[in-house]
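In what follows, a single structure is set out as structure tokens and then discussed.
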Amino acid sequence: MTRKIYWLIATVLSLIWADTVRAESNTTADAIKSAVERTLRAYREEDMAVMLSTVHSQAPSYMSIKKDSPTVFENYDINAELISFTFIGQDGDYAVARTKIRYTKISGPAFQNTEFDTFSVYRKENDEWKTWDGCIVDRKYLNE
């Protein structure tokens, strides 16, 4: 009888633990997806302040984004659209997601419309998920 109770308790605890992990992951995934969508909306609206607020202040590319984005905004009107988002996982203040984003030119000089498939790393800053770094794993050039 004691063995049955032990396994019942172990099973219940493992189910509770698995459900808790899933709930935390969904909360993290939702927060990160929301940050990605906010970044893309700011990019489309050419809102530099909002866009930079979605990038971790210590991110390796923070300064280049701050420096280069105004030039892009001055010369182009580009639509940035989230095609897909897959949450991979979290480890402490870091998380990874795979995103596919399509960039298409609305106006401006020559530009190759492109879809980027990226593994992106996010890092918490003041309890908010922000872009930290990424790796492009595939790039698809689109016909105009």
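- Heavy-atom contacts from other residues, nucleotides or ligands closer than 6.0 Å to NZ of Lys124 number more than 12.
- Of the possible polar contacts, one joining the Thr39 side chain to the Ala35 backbone as a donor-acceptor pair under 3.5 Å is found.
- Side-chain atoms of Asp93 never come within 3.5 Å of backbone atoms of Glu125 as a donor-acceptor pair (strictly under, hydrogens ignored).
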Derivation of the side chain to side chain contact (heavy atoms under 4.5 Å, CB included) call for Glu81 and Thr104: CA-CA 9 Å; Glu81 174 186 10; Thr104 53; 6.0 Å; no
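- In the hydrophobic cluster analysis, where Ile, Leu, Val, Met, Phe, Trp and Tyr join through side-chain heavy atoms closer than 4.5 angstrom, Met51 is grouped together with Tyr122.
- At distances below 3.5 Å, at least one donor-acceptor pair connects side-chain atoms of Lys130 with backbone N or O atoms of Ser53.
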Under the side chain to side chain contact (heavy atoms under 4.5 Å, CB included) criterion, do Ile32 and Gln90 qualify, and how do the steps go? CA-CA 11 Å; Ile32 291 172; Gln90 176 183 355; over 6 Å; no
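- At least one donor-acceptor pair closer than 3.5 Å links the side chain of Tyr76 to the backbone N or O of Ala110.
- In this structure a side-chain-to-backbone donor-acceptor pair under 3.5 Å is present from Arg44 to Ala80.
- Side chain of Glu115 to backbone of Tyr141: no donor-acceptor contact under 3.5 angstrom is found.
- Tested against Asn75 for a side-chain contact (heavy atoms from CB on, under 4.5 Å), the candidates Ile78, Asp77, Thr71 yield a single pass: Thr71.
- Hydrophobic clustering of Ile, Leu, Val, Met, Phe, Trp and Tyr side chains at less than 4.5 Å, counting indirect connections, keeps Tyr62 apart from Val50.
- Distance check, rounded to the nearest 0.5 Å: CD1 of Ile65 to CE of Met48 gives 8.0 Å.
- Thr118 OG1 to Asp138 CG: the interatomic distance, rounded to the nearest 0.5 Å, is 9.5 Å.
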